[in-house]
Amino acid sequence: GKFRDYDVQLLQQEFTVADLDGSGQLDFQELHALLHRLGYAPTSQSTLEAMQILDRDGSGTVDIAEFERLREHLRKTEGMTAEDARMLRELYDKTIARLPSGRRELVPDEAWRIIVYLGYSATLSEIRQIAAEIDQDSNGEFSFQELLKLVRRGGGAGREKLR
């Protein structure tokens, strides 16, 4: 549809701007900078992991088609490595399992405890503020996707590993 065409056009524009050498391919540095400009905060390791998953031709660079697949990958991981996202999913599931019957999402205080457990220094008030900004359905609770965003924003971009 029209939105998809518009979305692809915007993606191509971003890709072209990021392609500093005009090769039609993004190397690691160009890709990492573009991801930050698009609002992701991937670690170097998560950018490299994503490139390895999506660089189907083994060129060590990403073309526009591979970049489009990369964006879908990042929507699922929010710029974290697959291992970090898996570990966070385990913590999320364990926390959900201990909640009162019927609750399937976390409140900000529970999310903050997970973030502190992971070694981040974010305060509860910082997490509550970020939580209010990313709570997509405005129910005051967090799905796993929302928790990924919360950890990425609340944990800061300077981390290289969750542990």
So, does Asp135 use its side chain to make a donor-acceptor pair with the main chain of Asn139 at under 3.5 Å? yes
Between the side chain of Glu110 and the main-chain N/O of Val107, is any donor-acceptor distance below 3.5 Å? yes
Please walk me through it: do Arg86 and Glu83 pass salt bridge (charged side-chain N to carboxylate O under 4.0 Å, His left out)? CA-CA 5 Å; Arg86 184 198 59 74; Glu83 174 62 20; 2.4 Å; yes
Is there a path of hydrophobic side-chain contacts, each under 4.5 Å between heavy atoms, that joins Val17 and Leu26? no
Is Glu49 close to Ile53 at the side-chain level, that is, under 4.5 Å between some pair of heavy atoms? yes
Is it the case that one hydrophobic cluster holds both Phe15 and Leu20, taking links as side-chain heavy atoms less than 4.5 Å apart, direct or via other members? no
Can you tell me how far CZ of Arg69 sits from CD1 of Ile64, rounded to the nearest 0.5 angstrom? 11.0 Å
Between Asp84 and Leu118, is any pair of side-chain heavy atoms under 4.5 Å apart? no
Considering residues at least two apart in sequence or located in another chain, which fulfil the side-chain contact (heavy atoms from CB on, under 4.5 Å) criterion with Asp55? Asp57, Ser59, Glu66
Of all heavy-atom pairs between Ala85 and Phe144, which one has the smallest distance, and what is that distance? O-CZ, 3.6 Å
State, yes or no, whether a side-chain contact exists between Ile96 and Arg103 at a heavy-atom distance under 4.5 Å. no
Minimum heavy-atom distance Ile127-Pro108, with the two atoms named: CG2-O, 4.0 Å
In terms of the angle between their ring planes, are His32 and His36 parallel, tilted or perpendicular, with boundaries placed at 30° and 60°? perpendicular
Taking Arg89 first and then Asp93, would you say they form a salt bridge - that is, a charged N and a carboxylate O separated by under 4.0 Å? yes
Is there side-chain contact between Glu30 and Leu34, with heavy atoms separated by less than 4.5 Å? no
Are Glu105 and Tyr92 side-chain neighbours, meaning at least one heavy-atom pair lies under 4.5 Å? yes
Contact between Ile114 and Leu106 at the side-chain level, heavy atoms closer than 4.5 Å - yes or no? yes
If only atom types and distance count, is the side chain of Trp112 paired as donor or acceptor with the main-chain N or O of Ala122 below 3.5 Å? yes
Between CD of Glu126 and CG of Leu150, what distance do you get to the nearest 0.5 Å? 11.0 Å
Heavy-atom closest contact (Ala111 atom, Leu147 atom, distance): CB-CD1, 3.7 Å
Below 4.5 Å, heavy atoms only, C-beta onward: do Arg113 and Val116 meet side chain to side chain? no
Using a 6.0 Å cut-off, check whether atom OH of Tyr117 has over 12 heavy atoms from anything other than its own residue. no
Should Glu146 and Asp137 count as side-chain neighbours, where that means a heavy-atom distance under 4.5 Å? yes
Side-chain donor/acceptor of Glu14 to backbone N/O of Leu11, under 3.5 Å: no
